[in-house]
Protein chains: 2
Amino acid sequence: MDAESRILRDLNEPLVDHAEGQLFLNDAFKIIMEEVLCKGTDIKQKVCEWKEPEELSLLLDLELRATGEPRERLLQRVKDVAKYSIKTSHPRFFNQLFAGVDYHALAGRFLTEALNTNLYTYEVAPVFVLMENEVLRGMRQLVGWTEGDGIFCPGGSVSNMYAMNLARYQLLPDVKRQGLFGLPRLNVFTSSEVRNGHHTVSVGLPTCRMFNDDRRMDPVDLDEKIKLAKSQGAVPFLVSCTCGTTVRGAFDPLDLIADVCEKHKLWMHVDAAWGGSVLFSKQHAHLMQGVNRANSVAWNPHKMLATGLQCSALLLQDTMNLLRNCHSANATYLFQQDKFYDVKFDVGDKSVQCSRKVDCLKFWLMWKAVGSNGFADRVDKAFSHAGYLVDQIKKREGFCLLQEPDFVNICFWFIPPSLRGKEGNADYQDRLAKVAPVIKERMMKQGTMMVGYQPLGNKVNFFRLVVFSPVLSQKDMDFVIDEIERLGNDL
Amino acid sequence: MDAESRILRDLNEPLVDHAEGQLFLNDAFKIIMEEVLCKGTDIKQKVCEWKEPEELSLLLDLELRATGEPRERLLQRVKDVAKYSIKTSHPRFFNQLFAGVDYHALAGRFLTEALNTNLYTYEVAPVFVLMENEVLRGMRQLVGWTEGDGIFCPGGSVSNMYAMNLARYQLLPDVKRQGLFGLPRLNVFTSSEVRNGHHTVSVGLPTCRMFNDDRRMDPVDLDEKIKLAKSQGAVPFLVSCTCGTTVRGAFDPLDLIADVCEKHKLWMHVDAAWGGSVLFSKQHAHLMQGVNRANSVAWNPHKMLATGLQCSALLLQDTMNLLRNCHSANATYLFQQDKFYDVKFDVGDKSVQCSRKVDCLKFWLMWKAVGSNGFADRVDKAFSHAGYLVDQIKKREGFCLLQEPDFVNICFWFIPPSLRGKEGNADYQDRLAKVAPVIKERMMKQGTMMVGYQPLGNKVNFFRLVVFSPVLSQKDMDFVIDEIERLGNDL
């Protein structure tokens, strides 16, 4: 084809055939329904279909080629991706701080994907600008703030990074114009239980950890460490508390930490990515007593509330436009000031992102479906499950609880018969450390269950089970300990 | 209900009824199909349904309440959200650097949402760890690298921020342990055409802009500015080139800039978020001649290739694990080292995020469906459309091109009859500046079309039309200029 005829062809017809495309989408939807949502939540089916990377690569035929493939082949690919992926909605998936499925949230996510817009101006996202505001307002109300600000970020680490940016900007507003050169030595304080390395990398701040014996931050120790840092010429500017640590689910004592922050005039940030959802529960919200005294709170509904990844909010007590002032680039080509509507509804300048995904709709639709009361029930139910499981673990021979949980993270060792009563042996810890990895390998290869394990400080590998998925019931709890026993009894 | 019976109830039944949930999802899918994908792509339907924020708030009844709502009400909400949202897949949506729909990509997005996993270990995302590698490999190949590294990030700004982190870490590896205090004054260089304010905010670096007359970065000017910065005691460490600027779609001369970067030993980053997709086209890849000499490239397939938000890759030439070394937090509780599979497949330590959404599947499925040749056709078609539109604009009275475009961004003024031939008048520019905003208001209130406008430097408000959506054909191009004329002829 010569250049001219190619151009003529290009101009003639669109490249997308809507009827054909919609038929494909319809068929793909049926496969998703069957493979991911029906089979994927059925306890008679596997939670995972383990393959070694090399084998899986071959099975999936991932290679990208010059020419396209026919429709039936593509539908088979949809099936294969579903088949070899982990069924995170399965009742036997306890591996992460996300699990289960909520169909209202999922409908919201499909709608978000189909509408495909960018949450940065009222012009392109009128519904979502207003909806995000309303969801943030509802979340702030639970924190105890009648006013404030906030934004949805692509995950908790970014929300935490934003808090650091804001705290730094409030202390040293010139940083935005002049950069970081010549700044004093800024210090951040956080609990030794968490690894905030992730977000400190981004902003380049060294972290001063509290080396508390317990799993919670010690306010007395914090006060001393702050004084010490100051005496050495550093400038402390932020304390990052944690509500719901990743492994043990610990909650820092917010009220006592708030006293220390007030005394030293430091920004108090609460990383409640995992624990924040307790705020819905009348029974359990006390774990976050004092959160209303924080400057900022990060909270991920994609974890305990099962909205689906990603759904992470940064909530702010600030009413002075700190977020916008800190992050705005005043790019008139992006955010024109001579619009025919009130440009305060253009939220793009609050974000360091330019394209920002809509993460509020799934949570909003789910909230409309179950109400705040429904969320409270889910949180309470998770605690009931955790309580039940703790009781079973205490009763069962060979199971040893790490400690009484604060939250729904249940940490325990399985002591196989060959190790029972051998606590005094020199190689006991070394041998115990090898138990969880073997059981994990077996459960994955058999596809019966997924539970995480890890070491922590001087504690060798132990299981961490998180029970919060809305698809769980008692029989799933019972299954877990029976299955660990079955898989590890010969060790 | 007393506490004990509440706990019994909690243990008894899961909170999610799968059959009921799947029925809801099925109905929601039908609404999405009808309202978003059929009506939303139909030129006989509006591209937007304009409402003032206050009115829209009332119509949507956004408030979150204590109790949940019945099924029919929730389905109506799905309909309402669709109705008042912008139809970004509509052939008359030219407002942003994303537009149109691809049904294979959309199927991939639905599957991603249903599978709901986190791209950080092989354990929870076996398919996607391998798939992301393959997609990154395919993209790197187009850049001209047979080896390398990379990662998908939540948007171009984050990809750019990662490049800065890496460049800084390579120059000063101690920054990770010691923080930013006491570092030399680091300088970044970029074109005056772009506002990199967004990502420089995050890393706190002052940006040195090139004040070139043209829309492209001037390598001679760059060299001089670098020398000047050095002579003033600063440490230049990164040059950020742009391929496809937001407004004019300009491409910086990469080969010439690479010479300057080599001379000064600076990290060369290419922000090809918008323009990167030309690499698929034999005809147009020359715009990025020299990209293989860069250290890093950011490229967003969610823009020109219509994969859907978010889909942004950072590609690296590095083969020495720089990404992992720079970003790892060595959190053994997240990434156990004693696993039963090769932990090099756990990619979480490459990211500063902990939860990272799967963004590769939609692109992979689409690539399988159309092949690299299909992508090349799409890019070529976009250029054909742009060429056709430029011709029409040149022929039509009252339309004035800002300049010949490099790419598919077409920038032009509409000069209403009352202003034609009045270029010499003192108030000409002021009056011209007011034309685009009025036409924009009218098109949105009538819902016929969406096109962006902005000022740039000393140029008053002009329209920027981007023509790349795969759903476009010639009649959509013709419509645009007829419609602008219709809406603005009385001004």
Side-chain angles (χ1 to χ4, degrees), chain A residues 7 10-11 14-16 21 25 28 32 36 62 64 66-68 84-86 103 107 109 113-116 127 134 138 154-155 157 179-181 185 195 197-198 202 204-206 247 308 310 329 331 333 338 340 352-353 355 357 367 369-373 381 384 437 441 454 470-471 473-474, chain B residues 7 10-11 14-16 21 25 28 32 36 62 64 66-68 84-85 103 107 109 113-116 124 127 134 138 154-155 157 179-181 185 195 197-198 202 204-206 247 308 310 329 331 333 338 340 352-353 355 357 367 369-373 381 384 437 441 454 470-471 473-474:
Chain A
I7 289 173
D10 283 351
L11 292 172
L15 276 166
V16 163
L25 187 62
I32 292 169
V36 184
L62 291 165
L64 299 163
T67 51
Y84 296 108
S85 287
I86 303 301
Y103 292 96
R109 287 147 72 197
E113 294 300 322
L115 286 168
N116 193 41
V127 172
E134 183 57 25
S157 297
L180 294 175
F181 175 68
R185 183 151 55 85
R195 295 290 305 240
H198 272 96
S202 322
L205 295 161
V247 179
Q310 56 194 40
Y333 70 83
D338 52 4
F340 63 95
V352 299
Q353 300 190 275
S355 302
K357 206 169 160 37
W367 201 328
V370 302
S372 308
N373 293 343
K381 185 182 170 81
S384 297
E441 176 173 1
Q454 64 287 302
V471 306
S473 67
Q474 185 183 324
Chain B
I7 290 175
D10 281 353
L11 292 174
L15 278 164
V16 163
L25 188 62
I32 290 168
V36 184
L62 291 166
L64 299 163
T67 51
Y84 296 110
S85 287
Y103 292 95
R109 287 147 73 196
E113 294 299 323
L115 287 169
N116 192 43
V124 293
V127 173
E134 183 57 28
S157 296
L180 295 175
F181 175 67
R185 184 151 54 84
R195 293 294 302 239
H198 273 96
S202 320
L205 297 162
V247 178
Q310 55 196 45
Y333 71 83
D338 51 5
F340 64 95
V352 300
Q353 301 191 276
S355 302
K357 206 168 159 40
W367 201 327
V370 302
S372 309
N373 293 343
K381 185 182 169 80
S384 298
E441 175 171 2
Q454 64 288 300
V471 306
S473 66
Q474 184 183 323

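By convention in this document, chain letters (A, B, ...) are assigned in the order of the sequence lines, proteins followed by strands, and residues within each chain are numbered from 1. Worth knowing before you read on, the calculation uses all heavy atoms, side chains too, and leaves out hydrogens, waters and symmetry mates. Small disclaimer: the values here were computed from a predicted structure and weren't measured.
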Which residue out of [options] racks up the most heavy-atom pairs below 4.5 Å with chain A?
options	value
Leu64(B), Val127(B), Leu25(B)	Leu64(B)
Leu15(B), Val16(B), Leu62(B), Asn373(B)	Leu62(B)
Gly138(B), Pro437(B), Ala114(B)	Ala114(B)

- line: Max heavy-atom pairs within cutoff under 4.5 Å with chain B, candidates Ser85(A), Gly155(A), Ala28(A), goes to Ser85(A)

- line: Ranked by heavy-atom pairs below 4.5 Å to chain B, first place among Thr67(A), Val370(A), Ile32(A), Leu115(A) goes to Leu115(A)

query: Quick one: does Gln310(A)'s side chain have a donor or acceptor within less than 3.5 Å of a partner on Ser355(B)'s backbone?
result: no

- line: When every non-hydrogen atom of Gln353(B) is compared with those of Pro154(A), the smallest separation belongs to NE2-O, 2.5 Å

task: Identify which part of Ala107(A) has an atom lying under 4.5 Å from any heavy atom of chain B, answering side chain, backbone, both or neither.
output: both

- request: With rounding to the nearest 0.5 Å, note down the distance linking CD in Glu441(A) to CG in Asp338(B).
  value: 11.0 Å

